[in-house]
Asks: 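What follows is a structure written as structure tokens; I'll ask about it next.
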Amino acid sequence: MSKFELNGYCLPLLHAAKFPSSQVCGLLLGKMDKEKGSIQSIDTAVPLFHHWTTLTPMLEVALQQVELHADKKGLQIVGWYQGNERLEDTTLHENAIKVADVIRARSGAALILVINNASLSSPGKDGSNYVAFGYQDKDWRKGGMSIDVASTHQSKTVDLLNDGAYQRIVDFDQHLDDVQQDWLATCDLTW
């Protein structure tokens with residue numbers, strides 16, 4: 001079972017809240033249990049895109065920079081998150097699968113979280129803010145990965161959404177528009 005730290009849980013939701021009419025995506029950083037070949041924790045997230053969410057050269061650049069940043073923090077890339085454009089859409093896109101396959105090949109395991117956009121108006125107490133996909137039997141399957149979310153993370157996320165904390169989120173797209181915006185600092189935000 002993968003345990004969520006606060007930033008790992010709330011940052012993807014805040015990213016989606018900041019760009020409610022756009023698809024958003026990013027990387028999940030955490031720790032691996034090398035012996036079990038599983039994800040031990042999801043410590044934080046790095047928001048990547050809200051414009052160019054397909055596979056592009058900029059994704060390669062972002063992946064390399066995030067790997068270096070994570071390594072400095074004693075973390076590694078353990079997954080991918082996406083929030084789809086439409087409110088009720090929790091389908092897994094092909095580009096998410098391709099990126100997650102690369103992550104899984106590099107780290108031995110990976111997780112894909114699809115944000116349940118409908119839950120953003122009232123984040124659920126049962127972890128229903130995400131649909132988790134894990135790799136099983138040579139395919140990405142819904143529910144293939146169990147995640148542990150502390151109730152305090154859910155209530156704190158509600159407070160952050162209500163307080164407009166999503167305005168502090170900077171993704172890689174914004175950094176490309178204005179290089180003075182530090183997109184990697186987003187994963188270190190404190191609440």
Side-chain angles (χ1 to χ4, degrees), residues 1-33 38-50 66 69-70 72-90 96 103 109-134 142-143 145-175 181-191:
M1 180 174 292
S2 301
K3 181 181 180 221
F4 266 110
E5 297 299 332
L6 179 61
N7 276 5
Y9 182 76
C10 75
L11 286 175
L13 297 173
L14 293 171
H15 190 205
K18 183 169 184 173
F19 302 102
S21 62
S22 300
Q23 179 181 342
V24 297
C25 59
L27 296 165
L28 302 169
L29 305 182
K31 295 183 179 90
M32 295 289 297
D33 184 333
S38 62
I39 299 168
Q40 181 180 351
S41 65
I42 301 159
D43 293 59
T44 192
V46 180
L48 294 181
F49 303 111
H50 66 276
V66 172
H69 183 74
K72 288 179 188 174
K73 300 186 157 308
L75 302 172
Q76 65 186 96
I77 299 172
V78 297
W80 177 263
Y81 74 83
Q82 75 177 33
N84 296 324
E85 291 174 317
R86 295 187 319 271
L87 185 64
E88 303 294 331
D89 184 5
T90 57
I103 295 167
L111 167 70
I112 302 174
L113 295 178
V114 177
I115 297 168
N116 178 3
N117 292 326
S119 75
L120 287 177
S121 61
S122 59
K125 293 181 170 63
D126 59 356
S128 65
N129 298 320
Y130 295 106
V131 177
F133 290 82
K142 188 184 295 189
M145 187 77 101
S146 59
I147 51 177
D148 179 24
V149 180
S151 61
T152 55
H153 294 354
Q154 295 157 344
S155 61
K156 182 67 175 175
T157 301
V158 170
D159 293 343
L160 291 169
L161 286 165
N162 289 336
D163 293 343
Y166 50 84
Q167 296 301 330
R168 294 175 57 194
I169 302 299
V170 176
D171 66 14
F172 189 58
D173 269 341
Q174 291 174 289
H175 172 74
Q181 295 193 52
D182 188 358
W183 66 289
L184 288 171
T186 297
C187 70
D188 298 325
L189 287 175
T190 55
W191 314 104

Asks: When you look at CZ of Arg86, are more than 12 heavy atoms from neighbouring residues, nucleotides or ligands closer to it than 6.0 Å?
Replies: no

Asks: Quick one: do the Ser119 and Asn129 side chains pair a donor with an acceptor below 3.5 Å?
Replies: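 Side-chain D/A pair, Ser119 to Asn129: present.
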
Asks: Report the C-alpha distance between Val114 and Asn84 in whole Å, list the side-chain angles of each, state the deciding distance to 0.1 Å, and finish with yes or no for side-chain contact (heavy atoms from CB on, under 4.5 Å).
Replies: CA-CA 8 Å; Val114 177; Asn84 296 324; 3.9 Å; yes

Asks: Just verifying a value: how many Å separate Leu28 CG and Leu75 CG, rounded to the nearest 0.5 Å?
Replies: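 It is 11.5 Å, given to the nearest 0.5 Å.
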
Asks: Testing the basics here: between Ala132 and Ile147, what is the closest heavy-atom pair and its distance to 0.1 Å?
Replies: CB-CD1, 4.5 Å

Asks: Atom CG of Leu160 and atom CG of Leu13: how far apart are they, to the nearest 0.5 Å?
Replies: 10.0 Å

Asks: Nearest heavy-atom pair of Val24 and Phe19: which atoms, and what distance?
Replies: CG1-CB, 4.0 Å

Asks: Write down the atom of Ser128, the atom of Asn116, and the distance for their closest heavy-atom approach.
Replies: O-ND2, 3.0 Å

Asks: Please walk me through it: do Asp182 and His175 pass side-chain contact (heavy atoms from CB on, under 4.5 Å)?
Replies: CA-CA 7 Å; Asp182 188 358; His175 172 74; over 6 Å; no

Asks: Measuring from atom NE2 of His15 to atom OH of Tyr81, what distance do you get when rounded to the nearest 0.5 angstrom?
Replies: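 Going from the NE2 atom of His15 to the OH atom of Tyr81 covers 4.5 Å.
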
Asks: Kindly determine whether Gln76 and Val78 satisfy side-chain contact (heavy atoms from CB on, under 4.5 Å), including the steps that lead there.
Replies: CA-CA 6 Å; Gln76 65 186 96; Val78 297; 4.0 Å; yes

Asks: How long is the gap from OG on Ser22 to CD on Glu85, to the nearest 0.5 Å?
Replies: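 Rounded to the nearest 0.5 Å, the OG-CD separation comes to 6.5 Å.
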
Asks: Is there a side-chain contact between Thr186 and Asp171 (heavy atoms, below 4.5 Å)?
Replies: no

Asks: Is the shortest side-chain heavy-atom distance between Lys18 and His50 below 4.5 Å?
Replies: no

Asks: Donor-acceptor check, side chain of Asn7 to backbone of Leu189, threshold 3.5 angstrom: yes or no?
Replies: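 Flag set: sc Asn7 to bb Leu189 pair under 3.5 Å.
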
Asks: Can you name the closest pair of heavy atoms from Pro12 and Ile115 and give their distance?
Replies: O-CD1, 3.3 Å

Asks: Would you say Asp159 and Trp191 are linked by a side-chain donor-acceptor pair, where the criterion is simply a distance under 3.5 Å?
Replies: no

Asks: Of all the heavy-atom pairs spanning Met32 and Ala109, show the shortest one and how long it is.
Replies: CE-CB, 3.5 Å

Asks: Is the distance between the ring centroids of Tyr9 and Tyr130 under 6.0 Å?
Replies: yes

Asks: For Ser38, does its backbone N or O pair with a side-chain atom of Asp33 as donor and acceptor, under 3.5 Å?
Replies: no

Asks: Looking at OG of Ser41 and CG of Asp148, how far apart are the two atoms once the value is rounded to the nearest 0.5 Å?
Replies: 11.0 Å

Asks: Are the side chains of Trp183 and Leu48 in touch, meaning some heavy atoms are under 4.5 Å apart?
Replies: yes

Asks: Please determine if Glu5 and Lys3 form a salt bridge, counting it only when a charged side-chain N lies under 4.0 Å from a carboxylate O.
Replies: yes

Asks: Of the non-hydrogen atoms in Ile42 and Ser2, which two are nearest, and what is the gap between them?
Replies: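 For Ile42 versus Ser2, the nearest heavy atoms are CD1-CB, 4.2 Å.
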
Asks: Counting distance only, does the side-chain N/O of His153 pair as donor-acceptor with the main-chain N or O of Phe4 below 3.5 Å?
Replies: yes

Asks: Could you grab the distance from atom OG1 of Thr44 to atom CG of Leu6, nearest 0.5 Å is fine?
Replies: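 Nearest 0.5 Å value for the OG1-CG distance: 9.0 Å.
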
Asks: Evaluate the side-chain contact (heavy atoms from CB on, under 4.5 Å) criterion for residues Phe172 and Leu184: first the C-alpha distance (whole Å), next the side-chain angles of each, then the deciding distance (0.1 Å), finally the verdict.
Replies: CA-CA 8 Å; Phe172 189 58; Leu184 288 171; over 6 Å; no

Asks: Under 4.5 Å between any side-chain heavy atoms of His69 and Cys187, yes or no?
Replies: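 His69 vs Cys187: side chains touch.
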
Asks: Does Asp188 pair with Lys73 as a salt bridge, N-O distance under 4.0 Å?
Replies: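 Salt bridge flag = yes for Lys73 with Asp188.
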
Asks: Under 4.5 Å between any side-chain heavy atoms of Leu27 and Trp80, yes or no?
Replies: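 Sidechains of Trp80 and Leu27: in contact.
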
